Structures are given as C-alpha cells and as structure tokens.
Student: 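Quick one: this structure, given as structure tokens, is what I'll be asking you about.
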Amino acid sequence: MPVFGLVDVNSFFCSCEELLNPKLKGRPGVVLSNNDGMAVARNKLAKALGIGLDPFHLNKKRWDELGVYYRSSNYPFYNEMTGRVMAVLENYAPKIEVYSCDEAFLDLNGIPNLDAHAREIKQVLLQYCGLPVGVGVARTKTLAKIANKLGKASKKAQGVLVLTDPKWIDIALERTDVEDVWGVGRRWAEKLRGCRIHTAKDLRDADEKMILKRFNVVLTRTVLELRGISCLPLLSGPPMSKSIRSSLSFGHLIEDYDELRQAISAYAAHSAHKMRMEGLACTSVAVGIETNPFLRDEPQYFNGMKLPLLCPTIDTSEIIKIAVLCLEQIYREGYRYKRGDVMVDGLIPASEMQWSLLDSHDPLETESLMAVMDVLNARYGPGTLRYGAEGFRKAWKMRQNYLSSVTGPGIGSEYQQTKKIVELGTAVQLVRAL
DNA sequence: TCTGGGGTCCTAGGACCC
DNA sequence: TCTGGGGTCCTAGGACCC
C-alpha cells in the first residue's frame with residue numbers, strides 16, 4: 001500500500017522575505033504582484049487580520065495602520081529557496097514529486113515510524129533552509145493534502161499529521177468542508193451542496209456512479225482517493241511542458257499600437273527563452289490582449305489568435321514575428337489595453353525537430369514536400385500526416401510509442417500508425433535525395 | 001494611476017471523411 | 001440528389017491547481 005507525504009512551506013513568499021529580513025518576523029505581511037498591483041501572498045498573521053489578496057492601492061492606508069509589512073515579489077530568490085528545499089527533501093524519500101514552488105509529494109512507502117520521520121523533515125528544513133513547513137501523511141495524495149491542512153490548524157499536531165487510522169480519517173473528513181478538498185473548486189462545491197454533499201466525508205460516501213454521471217472522471221477519482229484508494233500516482237521528474245506563456249499586466253494602460261507591439265515582442269522573447277531553457281521547440285504561437293475589466297465605464301475588448309507554424313522553431317525572432325502577425329489581426333484602435341500574453345504551444349523536444357517533415361524554408365522544397373504528403377495521405381489514409389500544430393506533437397508521440405513498442409510488448413494500432421509515419425519520413429528523405 | 005502569472009485536464013460539439 | 005451511420009480530429013469552453 002502506498003504512503004504519501006505532502007510537505008509545503010507555510011506562507012512561502014512571506015517566509016522567504018522574513019528570511020531575508022528577520023526584523024519582519026512576528027509582523028503581519030503581504031507580498032505584492034508585478035507592478036505592486038495587488039497582494040499575491042500573505043502570512044498567517046495577515047490572514048488573521050482578515051487581509052485578502054486585495055489591490056494594494058485600495059488598502060495601503062489600512063495596512064499601514066495595522067502595521068502590515070509589504071514587499072515587492074522577488075521571484076529569483078523564491079526559486080533559489082525552492083531548489084534548496086527540494087534538495088533537502090530528496091534525502092528523505094526515494095522519490096519526490098515537486099508539485100509547485102512550495103510543495104512536494106514524497107513516497108514514504110515502507111518508512112517504519114512515519115510520525116518521527118515527518119517531524120524530522122520539518123525540523124531539518126527549519127534548520128537548513130530557515131523555512132517553516134507542514135507535513136501531512138496518508139494513503140493517497142488527496143488525503144495527504146487534508147492531513148497537511150489539519151496538521152497546520154491543530155495546536156497539538158504542531159504542523160505534522162499522520163492520517164492513517166480509519167477512525168481519525170472519519171473525524172478529519174467530517175471536519176473538512178467539501179470545498180477544501182483538493183480538486184474541488186468553488187463551482188463544483190456549489191453543485192455538490194445541491195446534491196446534499198457538504199463535507200469531505202459526504203463526498204467520500206457519495207455514490208461514485210452518480211458523481212461520474214453528473215460531474216466527471218476527475219471528481220470520481222477524488223471520491224476514490226478519499227476512500228483511501230490511490231488513483232493519483234507520484235509523478236517523479238518534471239513533465240514536459242505542453243505550453244509556455246508569458247502573461248503580464250502592462251505597467252500602465254496602453255493605447256499606442258507601437259507600444260503594444262513592443263510589449264508583445266518582449267513577452268514573445270521571454271516565452272521563447274523559457275522554452276529553450278527547457279530544451280523545447282514550439283509548433284504554434286498564440287497571442288491575446290485585453291482591456292481592464294475593472295474599469296466599468298470604459299469600452300471593453302479582448303481577443304486572441306493562434307497561428308500554427310509550418311515547422312517547429314526555437315528561433316526567438318521568428319516567434320516574435322509570428323506573435324506580431326497575430327497582434328496585427330486582433331488589434332483594434334480606440335481601446336486602452338491592460339494586459340497581453342504570448343503563448344508558445346504544441347511543444348516538442350528541440351532534439352526531435354527533424355520530425356517536422358516540413359522543416360524547409362525553401363518554398364519550392366516545401367511545396368514538393370506537401371505534394372509528397374498529399375500522395376502519401378491518399379495512400380495511407382487521410383490524417384496520416386498533418387502540418388498543423390497538433391500534428392507535430394502527435395507525430396512525435398507516435399514515434400515515442402513506436403520506440404517503446406520495439407523494446408517491449410504492446411504493439412497495436414499505434415504501432416501501425418507509427419509505421420506509417422516512419423515510412424513517410426523515409427519517403428521524404430528519398431524525395432530530398434532526389 | 002493602481003486589481004497575479006502561470007499551468008493542466010476533460011468534454012461537448014462541429015467539421016470532415018468514408 | 002438525398003439519406004444515414006460511424007469514425008476521427010480539432011477547438012472552445014469550463015473546471016481545476018498553485
């Protein structure tokens with residue numbers, strides 16, 4: 001039976017700031033967003049004062065009166081601390097899943113004294129990283145989340161809670177509002193309450209067939225997880241990104257097209273950079289812009305556009321070019337824009353770019369390759385090869401399946417499809433050689 | 001003047017093909 | 001020209017997470 005630990009840093013951003021400046025300790029505090037627009041994090045004392053993630057400019061006076069400290073966010077430093085915390089955690093489990101910047105799931109299967117182990121993790125992180133954490137332990141990830149939360153709330157538990165005793169699980173679930181269950185948001189909580197499901201215990205004891213019918217498989221898995229049946233395995237190693245987005249508010253409202261174009265170009269460059277850092281290439285680029293929805297009296301406009309690329313790219317200038325092309329299409333005069341975003345999508349490993357069968361900038365060659373595609377699509381069936389964004393990723397996935405199928409069992413229809421792709425690749429090589 | 005910045009997965013429905 | 005069933009692919013939108 002699996003055992004999961006969930007370790008998370010208490011008020012991560014604030015704890016980092018207090019680490020840099022110990023004088024802040026013991027005071028309520030918030031960390032502000034980009035442009036100092038609003039609070040994106042707050043510590044326990046601030047929460048106790050009823051401070052939410054609110055706009056800065058509307059609350060500065062009140063926060064000053066309450067003695068709240070506020071800091072601009074310092075993401076490089078938070079990243080650094082994430083790395084240190086995870087490095088320590090590696091010593092306490094054979095496998096860990098870095099779930100977010102301040103959270104990790106641990107595989108604690110086979111650990112004899114779970115409580116002592118969890119307390120040691122907490123103590124060591126405080127000692128070596130200077131950060132306070134909570135640890136929850138249970139049979140499933142969803143239950144570990146609940147254990148973590150209750151461990152923090154309980155004075156007796158001191159931030160560490162092992163939730164494996166069925167009797168205590170019952171009590172814990174009874175005390176947990178259904179909205180606080182991992183995987184249940186506001187919308188579903190509302191709908192669940194309509195079905196007379198108010199607590200985590202109600203959800204656990206609900207009829208899973210009804211949940212599947214009226215909600216979906218995701219929530220059905222949550223029900224099973226609450227019953228102690230693990231449906232969400234530990235995922236070690238970061239998954240390959242499928243899309244990367246830079247989405248930021250502009251410092252001020254932008255009316256001028258040129259200024260907008262420059263901002264979008266910068267976002268595109270940023271996305272391209274992040275993408276290359278992960279060793280990926282994109283097969284489509286999407287851009288979105290919007291006005292400020294909080295300005296009720298102003299005309300509102302939002303729009304987005306996505307363009308597939310003829311071939312995958314890692315080239316910043318090309319990504320910028322496509323992004324600006326999108327922008328030209330969606331830009332409308334007469335609005336004041338508040339934010340924009342650029343997303344690189346349909347990501348594939350840069351090392352697999354040759355799997356783009358149309359990786360030529362020569363129009364004549366591209367045309368002949370397309371002709372080959374048409375012929376082969378006619379022969380092997382439509383859709384064997386596409387040049388849309390998804391097509392590249394699918395072709396790449398198929399090849400992955402193919403590679404794993406050669407070394408193991410499981411040769412099926414995917415193998416057949418892969419074979420087509422492989423043959424197609426060969427055919428294109430042949431045409432090129434001509 | 002001033003309200004975050006990212007991501008994932010699932011599903012329904014339309015387009016298109018045979 | 002009309003008709004139908006069965007299938008896949010793609011997109012938009014809705015839900016969730018931090």
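Atoms considered below: every heavy atom in the structure, side chains included; atoms not considered: hydrogens, waters and symmetry mates. Letters A, B, ... mirror the listed sequences (proteins, then strands); counts begin at 1. The shown structure was predicted, so the numbers you read here are calculated from the model rather than taken from an experiment.
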Student: Return each pair, listed once, that meets salt bridge (Lys or Arg N to Asp or Glu O under 4.0 Å) where at least one residue sits in residues 258-279 of chain A; pairs must be two or more places apart or across chains.
Tutor: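 Pairs touching residues 258-279 of chain A that pass the test: A/D258-A/R261.
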Student: Can you measure A/M240 atom CE to B/dG7 atom P for me and round it to whole angstrom units?
Tutor: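 Whole-Å distance recorded here is 14 Å.
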Student: With the threshold set at under 4.0 Å for non-hydrogen atoms, list the residues of residues 263-275 of chain A touching DNA chain C in residue-number order.
Tutor: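 Residues of residues 263-275 of chain A that come under 4.0 Å of DNA chain C do not exist, since none gets that close.
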Student: State, yes or no, whether a side-chain contact exists between A/V287 and A/Y331 at a heavy-atom distance under 4.5 Å.
Tutor: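 A/V287 vs A/Y331: side chains apart.
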Student: What's touching nucleotides 10-15 of chain B from the protein side, N or O pairs under 3.5 Å?
Tutor:
residue, atom, partner, partner atom, Å
B/dC10, OP1, A/R221, NH2, 3.4

Student: Using a cut-off of 4.0 Å on non-hydrogen atoms, how would the nucleic acid contact of A/V181 be classed: base, sugar-phosphate, or nothing?
Tutor: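 Sugar-phosphate: the residue A/V181, judged by heavy atoms under 4.0 Å, touches backbone atoms but no base.
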Student: Among residues two or more places apart or on two chains, list those pairs meeting salt bridge (Lys or Arg N to Asp or Glu O under 4.0 Å) that have a residue in residues 217-233 of chain A.
Tutor: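 Salt bridge (Lys or Arg N to Asp or Glu O under 4.0 Å) check on residues 217-233 of chain A returns A/E208-A/R227.
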Student: Whole angstroms only, please: what is the CG-C1' distance between A/D36 and B/dT1?
Tutor: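 Nearest whole value for this atom pair: 13 Å.
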Student: Would you list the pairs meeting salt bridge (Lys or Arg N to Asp or Glu O under 4.0 Å) in which at least one residue belongs to residues 178-187 of chain A, sequence neighbours left out?
Tutor: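 Applying salt bridge (Lys or Arg N to Asp or Glu O under 4.0 Å) to every pair that reaches into residues 178-187 of chain A, excluding sequence neighbours, yields A/K149-A/D180, A/E179-A/R193.
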Student: Mind checking what makes salt bridge (charged side-chain N to carboxylate O under 4.0 Å, His left out) contact with A/D8, not counting sequence neighbours?
Tutor: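 A/D8: salt bridge (charged side-chain N to carboxylate O under 4.0 Å, His left out) contacts with A/K152.
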Student: How close or far is atom P of B/dT8 from atom CE of A/M343, stated in whole angstroms?
Tutor: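 A/M343 atom CE is separated from B/dT8 atom P by 9 Å.
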Student: Atom pairs, N/O to N/O, protein against nucleotides 2-4 of chain B, distance under 3.5 Å?
Tutor:
none

Student: Could you give the CD-to-P distance, from A/E97 to B/dT8, as a whole number of Å?
Tutor: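 From A/E97 CD to B/dT8 P: 14 Å.
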Student: Judged by modelled atom types alone, do A/N148 and A/E103 share a side-chain donor-acceptor pair under 3.5 Å?
Tutor: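 No donor-acceptor contact under 3.5 Å links the two side chains.
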Student: Could you check whether any side-chain heavy atom of A/K122 comes within less than 4.5 Å of a side-chain heavy atom of A/V133, counting everything from C-beta outward?
Tutor: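 Heavy-atom side-chain distance check passes, below 4.5 Å.
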Student: How are the rings of A/Y75 and A/F13 set relative to one another: parallel (under 30°), tilted (30 to 60°) or perpendicular (over 60°)?
Tutor: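 Judged by the thresholds at 30° and 60°, the geometry between A/Y75 and A/F13 is perpendicular.
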Student: Need one value for A/K60: base, sugar-phosphate or nothing, where a base atom within 4.0 Å counts as base even if backbone is also close, heavy atoms only.
Tutor: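 Since no nucleic acid heavy atom lies under 4.0 Å of A/K60, the category is nothing.
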Student: Is there side-chain contact between A/E18 and A/N43, with at least one heavy-atom pair below 4.5 Å?
Tutor: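 Sidechains of A/N43 and A/E18: in contact.
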Student: Heavy atoms, side chains only, cut-off 4.5 Å: are A/H117 and A/V137 in contact?
Tutor: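 Side chain of A/H117 against side chain of A/V137, heavy atoms only: no contact under 4.5 Å found.
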Student: Measure OH/A/Y99 against P/B/dT8 and give the value in whole Å, please.
Tutor: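 Going from A/Y99 (OH) to B/dT8 (P), I get 12 Å.
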Student: What residues from residues 182-191 of chain A pass a heavy-atom cutoff of under 4.0 Å to DNA chain C?
Tutor: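 Residues of residues 182-191 of chain A that come under 4.0 Å of DNA chain C are, in numerical order, A/W182, A/G183, A/V184, A/G185, A/R186, A/R187, A/W188.
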Student: Describe the nucleic acid contact of A/S73 in one word from base, sugar-phosphate, nothing, applying a heavy-atom distance below 4.0 Å.
Tutor: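 A/S73: no heavy atom of the nucleic acid under 4.0 Å.
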Student: The criterion is salt bridge (charged side-chain N to carboxylate O under 4.0 Å, His left out); which residues satisfy it with A/E298, sequence neighbours excluded?
Tutor: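 A/E298: salt bridge (charged side-chain N to carboxylate O under 4.0 Å, His left out) contacts with A/R336.
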Student: With Watson-Crick and G-U wobble geometry limited to distances under 3.5 Å, how should the secondary structure of DNA chain B be encoded in dot-bracket form, using | for bases paired to another strand and [ ] for crossing pairs?
Tutor: ....||||||||||||||
Student: Round to the nearest Å and state the distance from A/Y78 atom OH to B/dG6 atom P.
Tutor: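 Rounding to the nearest Å, OH of A/Y78 and P of B/dG6 are 15 Å apart.
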Student: So A/V31 and A/Y78, do their side chains get closer than 4.5 Å, heavy atoms only?
Tutor: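 They are in contact (side-chain heavy atoms under 4.5 Å apart), so the answer is yes.
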Student: Show every salt bridge (Lys or Arg N to Asp or Glu O under 4.0 Å) that has at least one partner inside residues 33-45 of chain A, sequence neighbours left out.
Tutor: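 Non-adjacent pairs meeting salt bridge (Lys or Arg N to Asp or Glu O under 4.0 Å): zero.
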Student: Side chains of residues 54-62 of chain A: which donor-acceptor partners sit under 3.5 Å, not counting sequence neighbours?
Tutor:
residue, atom, partner, partner atom, Å
A/D54, OD2, A/G52, N, 3.2
A/N59, ND2, A/P55, O, 2.6
A/K60, NZ, A/D64, OD2, 3.4

Student: Rounding to an integer number of Å, can you tell me how far A/L347 CG sits from B/dG6 C1'?
Tutor: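 After rounding, the gap between these two atoms is 14 Å.
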Student: Looking for any heavy atom pair under 4.0 Å, which part of the strands does A/L219 touch: base, sugar-phosphate only, or nothing?
Tutor: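 The residue A/L219 makes no contact with any strand.
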Student: Report yes if some heavy atom in the side chain of A/I254 is under 4.5 Å from a heavy atom in the side chain of A/I289; otherwise report no.
Tutor: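 They are not in side-chain contact.
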Student: In whole angstrom, give me the gap between the P atoms of C/dC18 and B/dT3.
Tutor: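 Nearest-Å result for C/dC18 against B/dT3 at atom P: 25 Å.
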Student: When you check the side-chain N and O atoms of A/S247 and A/R339, is any donor under 3.5 Å from an acceptor?
Tutor: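 Judged by distance alone, the side chains do pair up.
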Student: Rounding to an integer number of Å, can you tell me how far A/D345 CG sits from B/dC9 P?
Tutor: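 The answer, rounded to whole Å, is 12 Å.
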Student: Ring-plane angle category for A/W182 and A/F105, please: parallel below 30°, perpendicular beyond 60°, tilted otherwise.
Tutor: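 Taking A/F105 first and then A/W182, their aromatic rings sit tilted (interplane angle of 30° to 60°).
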